Amino acid sequence: MAFRPRRALAVFWKDFLDLRKNVGLLVSMAVLPAVMVLVPIVVVWTYVNTPNRADLRSVAQFYDPTLPLGASAARFLIDKTLTDWFGLFLVMPVFVPILIASQSVAGEKERRTLEPLLASPVTAAELVAGKSLAALVPAVVITWVAFIIFCVGVDIVAWPMVQGPLMPNALWTFGVLVIAPLFAFFGNGVAVLISARVSEARMAQQISALVVLPLVGMVGGQVAGVLKAGLGFYALQGAVVLVLDVVLLFASIRLLDRERLVSRWG
Amino acid sequence: MSGIDVRGLGKRFGERVAVEGLTFHVRPGEVFGLLGPNGAGKTTTVRMLTGLLTPSEGEAVVWGHRADRDGEGLRKVVGLLTEQPGLYERLTARENLRFFMKLHELDESKAWPRTQHYLERFGLGGREEEPVGGFSKGMRQKLAIVRTLVHDPRVIFLDEPTSGLDPESARTVRDAVAELASEGRTIVLCSHNLSEVERLCERVAVVKRRLLLMGPVRELRRSGQSLDVRVDGEAERFRNALTSLPFAPNVLAEGMRLRVMLEDEAHAPDVLACLVGAGARVHSAVPAQRPLEEVYLDLLREEGA
Ligand SMILES: Nc1ncnc2c1ncn2[C@@H]1O[C@H](COP(=O)(O)OP(=O)(O)OP(=O)(O)O)[C@@H](O)[C@H]1O
Ligand SMILES: [Mg+2]
């Protein structure tokens with residue numbers, strides 16, 4: 001049972017080709033990044049254009065009662081928004097691989113293409129590797145492209161107030177380069193695992209998508225002022241997810257075993 | 001060791017026994033039929049022989065590879081046409097085939113000419129760049145067969161290769177199977193279509209969860225002798241007399257004709273004597289071979305009883 005990279009790459013090649021031709025999936029993949037990028041830009045733009053509104057100060061003081069009198073409340077809230085938004089931004093690298101991997105694993109069952117595939121010499125580990133790569137590469141690329149657009153957008157709308165580039169900052173750069181891929185791996189692992197057990201792509205997507213709830217919950221906590229997010233907080237999340245990634249990887253290879261996949265049909 | 005050796009093979013899914021005690025040998029270069037009704041365990045058997053399912057009991061050795069232990073080695077030398085074509089609809093025919101070439105780590109420049117030959121053979125030449133989603137059922141089935149051949153397998157398992165095809169496509173597929181056999185490949189053909197098995201296979205195993213009968217197709221035929229008798233008047237009148245004979249033959253009556261199934265040709269004079277004794281005026285009595293289909297159906301009926 002040697003691992004043959006060529007066979008894993010074959011699976012990657014096929015899935016990637018299939019994804020490129022799947023317009024419906026591409027559209028649903030594009031919606032989330034668009035929202036993730038546009039919403040914070042609009043929020044920052046609002047703060048920049050109404051810096052002197054009185055209530056901004058009370059909002060800012062809700063989060064930080066020690067806010068100095070001379071400091072700009074709008075600027076404080078912009079920084080706070082950018083920090084918290086990263087938590088939501090992480091939903092994207094989790095969610096995109098869920099969309100792709102559900103299609104590519106449960107979708108193969110649904111369309112009965114899995115049996116011929118399993119009748120080839122490909123091993124479970126090669127399948128997991130190829131399919132994961134096909135979900136991770138687009139997810140990470142989309143995240144990075146969205147990040148670049150996000151930075152440019154935020155800097156343009158914030159320029160009049162900040163008079164310099166606000167983004168990328170250390171948190172986001174570290175987050176997008178290191179934490180986001182770990183989260184993508186996590187979303188993919190969950191989707192592969194669930195897909196191995198259910199027989200329809202849609203069901204796999206819906207169940208897997210539940211894992212984004214804790215993420216959204218934490219951001220909720222940040223907005224409510226309960227959780228204080230920062231570089232350390234996100235790094236801790238990343239470390240936890242890294243451990244989960246390893247567990248998921250081994251579990252998927254076990255679950256993608258032929259006997260299980262074939263005999264769970266019908 | 002070549003060929004396929006199956007000994008005491010069985011598979012249970014929980015409480016349900018899908019296959020049990022299957023024992024047979026397929027010689028290299030032979031076309032072997034697995035014949036059985038729906039749910040007989042043909043697909044389950046083929047899945048065990050291609051390492052997709054682990055047998056609950058017994059063992060199978062295919063072309064020197066233990067099916068339960070050396071699945072990877074096994075799958076390099078066998079080709080499986082699954083019950084469903086299972087093609088990637090958004091990909092073109094060529095991309096579908098290339099994927100399997102890559103999975104088999106083939107040198108594509110060498111594998112293509114051979115594959116192209118089969119594409120032409122099946123009338124798919126010139127359609128390579130079209131997405132499979134636009135193919136008809138027959139075209140898909142043919143493409144799926146070409147896909148099982150990309151790695152030039154020595155052993156081919158075909159699970160109902162003509163099901164759902166129109167007569168012409170079914171014929172193309174049958175001709176191709178015969179051609180593959182003439183290339184010296186070992187073929188196991190699953191089917192519930194008798195005439196197909198009869199036409200293509202040298203030997204056949206009739207299965208219904210377990211092995212009911214196995215032998216060369218001609219021998220199977222021999223076990224089905226019958227006597228066609230023409231009498232005066234309504235033949236139906238003599239049916240009871242015949243079925244009360246000690247060897248209780250099956251009798252079909254139609255108009256002035258009687259078809260009496262015999263297990264032994266030596267019973268023919270007794271049948272005639274019985275008819276004459278019952279007052280029949282016999283015009284003619286001709287020994288005939290029962291169609292294989294009746295032999296088969298009888299076999300299944302006995303099994304069901
Ligand atoms: N994965 C499975 N789980 C549970 N039972 C199964 C499974 N696969 C097959 N069976 C059962 O095993 C028996 C044999 O099924 P199989 O598909 O092998 O029959 P078959 O001869 O191929 O039938 P058909 O002509 O309809 O294709 C059936 O009773 C079927 O319900
Ligand atoms: Mg079947």
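Numbered from 1 within each chain, the chains take letters A, B, ... in sequence-line order. On a predicted model such as this, the values are computed, not experimentally measured, just so you know.
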Proximity breakdown for B:Tyr88 and chain A, heavy-atom pairs closer than 4.5 Å: both
Got B:Ile145 and B:Lys142 here, is their nearest side-chain heavy-atom distance under 4.5 Å? no
If one checks every heavy atom of A:Arg4 against chain B at 4.5 Å, the contacting part turns out to be side chain
Take the angle between the ring planes of B:Phe24 and B:Phe32 and call it parallel below 30°, perpendicular above 60°, tilted in between. parallel
Which bit of B:Thr54 is near chain A, if near means a heavy-atom gap under 4.5 Å: side chain, backbone, both or neither? both
Sub-4.5 Å side-chain heavy-atom contact between B:Lys76 and B:His151: no
Under 4.5 Å from any heavy atom of chain A - which part of B:Phe99: both
Test side chain to side chain contact (heavy atoms under 4.5 Å, CB included) applied to B:Leu158 and B:Val46, B:Leu189, B:Thr82, the passing residue: B:Leu189
Can you check whether B:Leu106 reaches B:Asp152 side chain to side chain, under 4.5 Å on heavy atoms? no
Based on non-hydrogen pairs under 4.5 Å, which of B:Arg90, B:His104, B:Gln84 is most in contact with chain A? B:Arg90
If you tally heavy-atom pairs under 4.5 Å between each of A:Leu17, A:Val11, A:Val122 and chain B, the highest tally belongs to A:Leu17
Select one option (side chain, backbone, both, neither) describing which atoms of B:Pro131 are under 4.5 Å from chain A's heavy atoms. neither
Can you tell me which portion of A:Asn22 sits under 4.5 Å from chain B's heavy atoms? Options are side chain, backbone, both or neither. both
I'd like to check A:Trp85 versus A:Val154 (side-chain heavy atoms, cut-off strictly below 4.5 Å). Are they in contact? no
Tell me, side chain or backbone of A:Leu117 under 4.5 Å from chain B's heavy atoms, or both, or neither? both
Any idea which of B:Thr50, B:Leu52, B:Leu53, B:Leu80 has the most non-hydrogen atom pairs under 4.5 angstrom with chain A? B:Leu52
Is the backbone of A:Leu99 close enough, under 3.5 Å, to the side chain of A:Ser102 for a donor and an acceptor to pair up by distance? no
Considering only heavy atoms, which portion of B:Leu91 lies under 4.5 Å from any heavy atom of chain A: side chain, backbone, both, or neither? both
